[in-house]
2 protein chains.
Amino acid sequence: MLASERRHRVLELVRLRGGFASLPELAKELQVSQSTLRRDLEHLERTGVARRTRGGVLYTGSFPGLPHFQLREPAQWEKKRAIARAAAALIQNGDTLLLDGGSTTYELARLLVGRPLQIVTNSLPVANLFAANAFADLVLVGGIVYPRTGVALGSMAIQMLQHINVRRSLLSVAGINERGFFNSNLLLVETERAMMQAADEVIVLADSTKFGHKSLAFLAPLERVDCIVADEELSPKWQERIRRAGVRLVLAPLEPEEKAAEEEQDAKPPKSTSRKKDSRR
Amino acid sequence: MLASERRHRVLELVRLRGGFASLPELAKELQVSQSTLRRDLEHLERTGVARRTRGGVLYTGSFPGLPHFQLREPAQWEKKRAIARAAAALIQNGDTLLLDGGSTTYELARLLVGRPLQIVTNSLPVANLFAANAFADLVLVGGIVYPRTGVALGSMAIQMLQHINVRRSLLSVAGINERGFFNSNLLLVETERAMMQAADEVIVLADSTKFGHKSLAFLAPLERVDCIVADEELSPKWQERIRRAGVRLVLAPLEPEEKAAEEEQDAKPPKSTSRKKDSRR
DNA sequence: TCATTCCTGAACGAAAACGATCATTTCCAG
DNA sequence: CTGGAAATGATCGTTTTCGTTCAGGAATGA
């Protein structure tokens with residue numbers, strides 16, 4: 001079994017067990033030694049999807065229920081987080097926002113919790129973030145919930161969106177090519193088109209790996225949106241192409257630590273002597 | 001500080017810390033000894049709202065985000081669970097259901113997960129239960145989300161409900177008196193009236209403590225609903241009154257164990273000699 | 001083919017947490 | 001006022017877990 005696959009299975013097991021699993025439990029289930037598990041846990045903790053506790057692992061990965069959020073590959077994830085940070089900087093307090101589903105917009109939503117905003121969303125994971133929050137008003141867009149991502153879609157969602165107007169819509173896409181934006185689901189793009197119409201300004205969040213790839217369903221041409229937020233690894237060719245379409249382009253910087261983390265953080269800087277053996281008590 | 005208050009604060013702290021808190025952490029925060037905490041944790045675990053792990057507590061209380069779900073008093077909670085069990089027995093596979101917010105309907109929803117159903121709900125916690133589930137179709141009713149309970153309300157919710165028809169609506173109420181049903185929020189009762197209109201059959205879930213108390217907003221007269229599910233501690237006077245109104249009454253039995261649990265379960269049964277000393281590798 | 005590197009599993013001492021017990025305090029009921 | 005039950009906090013021996021180290025094996029590249 002591959003190490004990365006094993007780590008995914010660890011996460012999945014933890015999730016299945018309701019957010020926590022003990023180390024002996026995992027070792028038995030996965031047929032590996034506890035030593036290996038410890039190393040995996042350390043890795044998972046560093047990437048932020050799990051938290052170690054004495055005796056086991058705690059799932060902190062964003063949304064326990066949905067399979068979609070399991071496969072956060074660290075590399076992409078850091079890009080998404082960088083993009084989310086850059087996008088959060090574009091948002092002003094008091095804004096009215098429409099947040100799409102998708103992992104990038106979810107990361108953005110996490111950063112927006114606690115700020116005074118009015119949030120409209122059709123995404124269950126995003127809604128959960130704001131539901132308990134007194135600072136933000138939350139409007140939930142209803143509809144048929146698509147199990148894979150926990151997003152409400154369909155005619156009911158579209159109809160409801162037609163009665164809503166927001167300052168900014170923030171959308172995720174699955175692919176971008178010369179013709180425009182794509183997503184993986186027909187119902188989804190229909191709903192997203194309604195989201196675009198409901199907003200004064202449309203912002204698309206997409207990491208650099210999305211560019212040059214199309215997907216099942218066409219969403220909209222490039223010039224239909226006002227702004228694209230991508231990470232700084234986007235090729236100059238695409239940067240030029242975006243700007244020529246008259247779309248504002250925001251490039252999110254990847255923090256140094258994260259660059260390290262992105263390369264499957266190794267190159268153990270000072271070897272193992274960096275072990276923190278701090279004064280306890 | 002009262003013991004029960006301290007336990008609530010334990011839960012709250014655990015929740016604030018993202019679902020887990022270590023024992024020393026809690027001891028320091030609450031200014032009590034670890035021994036006391038251990039006893040509290042044991043208690044909380046037995047009532048089902050938390051799970052102990054070596055080194056700390058894990059929050060299992062249904063929905064981490066919402067304050068509403070924190071104060072599940074064990075006594076009421078067992079009643080709610082009994083009612084939920086009885087109500088679940090009324091539901092047939094393949095049914096189309098409309099589930100209200102509220103802790104009793106939430107307990108019911110938990111029991112329904114995994115059954116082939118079509119679920120319509122305006123409750124975020126309930127929706128989360130079914131979002132990842134492939135067996136049930138989920139339709140989310142949108143609207144303005146009321147922070148206290150995570151329920152979508154308002155004109156958008158009502159409008160959406162008018163386009164929906166279900167076999168059964170299951171509602172929670174805050175109080176019942178001779179005039180009928182009450183709830184604590186004006187927007188809520190408006191939305192619930194729309195839920196009643198959307199269903200062929202209306203079922204109200206209410207534990208025995210709700211009877212004889214009214215609340216802020218009038219919902220509907222007794223005879224407007226088809227069935228009430230209550231626990232068996234409902235007074236004969238009220239049983240008679242319900243039946244005379246032509247409403248079917250289902251009384252949920254409280255299991256023996258739960259009766260014990262309700263009386264602040266003690267009488268430590270077989271002591272601790274069950275030490276497992278298993279062979280490790 | 002050989003050497004290097006990475007991953008894995010086992011072993012061991014150290015540290016942490018557990019349950020149990022006991023003394024003390026608090027709080028009621030008689 | 002007093003006796004007893006319940007709750008609390010400290011202590012102690014035991015068990016569990018952790019981090020580290022070391023050795024064997026698989027994969028990779030020269």
Carboxylate-amine/guanidinium contact B:Lys79 B:Glu233, below 4.0 Å: yes
A:Asp100: side chain to side chain donor-acceptor pair (under 3.5 Å) partners, not counting sequence neighbours: none
Integer-rounded Å distance: D:dC18 P and A:Leu41 CG: 8 Å
A:Leu37 CG - C:dT8 P separation (whole Å): 11 Å
Nearest-Å distance for atom pair CG/C1', residues B:Leu23 and C:dA15: 16 Å
Interatomic distance where CZ belongs to B:Arg54 and C1' belongs to D:dT14 [whole Å]: 10 Å
Set of residues satisfying side chain to side chain contact (heavy atoms under 4.5 Å, CB included) with respect to A:Leu216, sequence neighbours excluded: none
Partner residues of A:Asp40 under the salt bridge (charged side-chain N to carboxylate O under 4.0 Å, His left out) criterion, sequence neighbours left out: A:Arg6, A:Arg7
Residues that B:Ser215 engages under side chain to side chain contact (heavy atoms under 4.5 Å, CB included), provided they are two or more places apart: B:Ala174, B:Phe182, B:Ser184
Short heteroatom pairs, N/O only, protein and nucleotides 9-13 of chain D, under 3.5 Å:
| unit_1 | atom_1 | unit_2 | atom_2 | d |
| --- | --- | --- | --- | --- |
| D:dG9 | OP2 | B:Ser33 | N | 3.2 |
| D:dG9 | OP2 | B:Ser33 | OG | 3.4 |
| D:dG9 | OP2 | B:Thr36 | OG1 | 2.6 |
| D:dG9 | N7 | B:Arg39 | NH2 | 2.7 |
| D:dA10 | N7 | B:Ser35 | OG | 3.3 |
| D:dA10 | N6 | B:Ser35 | OG | 3.3 |

Side-chain N or O of B:Arg38 closer than 4.0 Å to phosphate OP1/OP2 of C:dC18: yes
Phosphate OP1/OP2 of D:dG19: any A:Arg52 side-chain N/O under 4.0 Å: yes
Side chain to side chain contact (heavy atoms under 4.5 Å, CB included) involving A:Glu29 - partner list, sequence neighbours excluded: A:Leu13, A:Arg17
